[in-house]
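Report on the structure given below.
Worth knowing before you read on, the calculation uses all heavy atoms, side chains too, and leaves out hydrogens, waters and symmetry mates. One-based numbering, in listed order, for ligands and for the atoms of each.
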Amino acid sequence: MDIEKIRQNLKTAWLGKDIRYFAEVDSTNTVAKTLAEQGVKEGTVVIAETQTSGKGRLGRRWESPKGGIWLSIILKPELKVKELVKLNLLASVAVAKIIREEFRLKAEVKWPNDVLINWRKVCGILAEAVTKRDRAKHVIVGIGINANFDQTALPENLRATATSLKEILRREIDREFFICNLLKGFEFYYENFRKGKVSLILSEWKKLSCILNRRVQLSCCGEKIEGIAHDIDENGWLIIKLRNGTVKKIFSADATLRVER
Ligand code: ADP
């Protein structure tokens, strides 16, 4: 990755003005957390060529072979922990929009934290908060994009559910250019978020969503719930209509969602 090229082409006001680049890390989120504790500025971005222990939610592993885009953004928002999912939604909207605009591919967002193309995951997002009581001291938004590697770089058990931009486009993408656009888009939505204009993000998310009005199964706190994904609320929580007509709101942190196509 040519970090100098990113620095020269980045058109953001503050995001990514400080980029920390590594050939290999355990997880960019972990490195970002340490840097945040050391007091680096909001908007610092950690980028790595590969992660040895990339993280998904609930302690799951995120595969991060060379050629991908593995980055974490350090933020210091005024945020209650229960609002964290909004940053997942914001990041997934930013990623899906760039993929649509740049490559004319129909990228869709899946609650709470994925971007899919043809129902296969091309990007995963992990927003984590370092908290003080119920408020976030810093938030780390990790974004992992399957960019320039073949599907064979992923373990066999993921090949049916995962894809990469290279596989779909049959060519490599300009990762530096993509990162510049992604940071610009993320900054735009984050500024809206900071000004309290969450409805813009939520309405964009709904337009890009592949789950609304579909039958879904949720595993949540040891329980299985089935119903229709009806909407998301102002905090980004998922609203599900159960068969018996009752409505349930689901917080993302401990929920895993499967969608019927
Ligand atoms: P889920 O999407 O299943 O709710 P997460 O959002 O926590 O779970 O993402 C982690 C999961 O994503 C892993 O358990 C694995 O199934 C899948 N996965 C791991 N690495 C990749 C990757 N690079 N691309 C696509 N899917 C991946």
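- When only modelled atom types and interatomic distance are considered, Trp237 and Glu83 share no side-chain donor-acceptor pair under 3.5 Å.
- Scored by the side-chain contact (heavy atoms from CB on, under 4.5 Å) test, Lys66 finds Thr50 as partners (sequence neighbours excluded).
- By the side-chain contact (heavy atoms from CB on, under 4.5 Å) test, Arg61 pairs with Glu63, sequence neighbours left out.
- Donor-acceptor pairing under 3.5 Å is recorded for the side chains of Ser72 and Asn29.
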Ligand 1 N/O to protein N/O, distances under 3.5 Å:
residue, atom, partner, partner atom, Å
ligand 1, 2 (O), Asp114, OD2, 3.1
ligand 1, 2 (O), Lys121, NZ, 2.7
ligand 1, 4 (O), Arg57, NH2, 2.9
ligand 1, 4 (O), Arg60, NH1, 3.2
ligand 1, 6 (O), Asn113, ND2, 3.0
ligand 1, 7 (O), Arg57, N, 2.6
ligand 1, 7 (O), Arg60, NH1, 3.3
ligand 1, 8 (O), Arg60, NH1, 2.8
ligand 1, 9 (O), Lys121, NZ, 3.1
ligand 1, 12 (O), Lys121, NZ, 2.9
ligand 1, 20 (N), Glu63, N, 2.9
ligand 1, 23 (N), Glu63, O, 2.9
ligand 1, 23 (N), Asn146, OD1, 3.1
ligand 1, 24 (N), Asn146, ND2, 2.9

| Can Gln51 and Glu24 be said to form a side chain to side chain donor-acceptor pair (under 3.5 Å), step by step? | CA-CA 6 Å; Gln51 305 182 97; Glu24 181 180 295; over 6 Å; no
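- Pairs passing the salt bridge (Lys or Arg N to Asp or Glu O under 4.0 Å) check and including a residue from residues 156-166, sequence neighbours excluded, read Asp150-Lys166, Lys166-Glu172.
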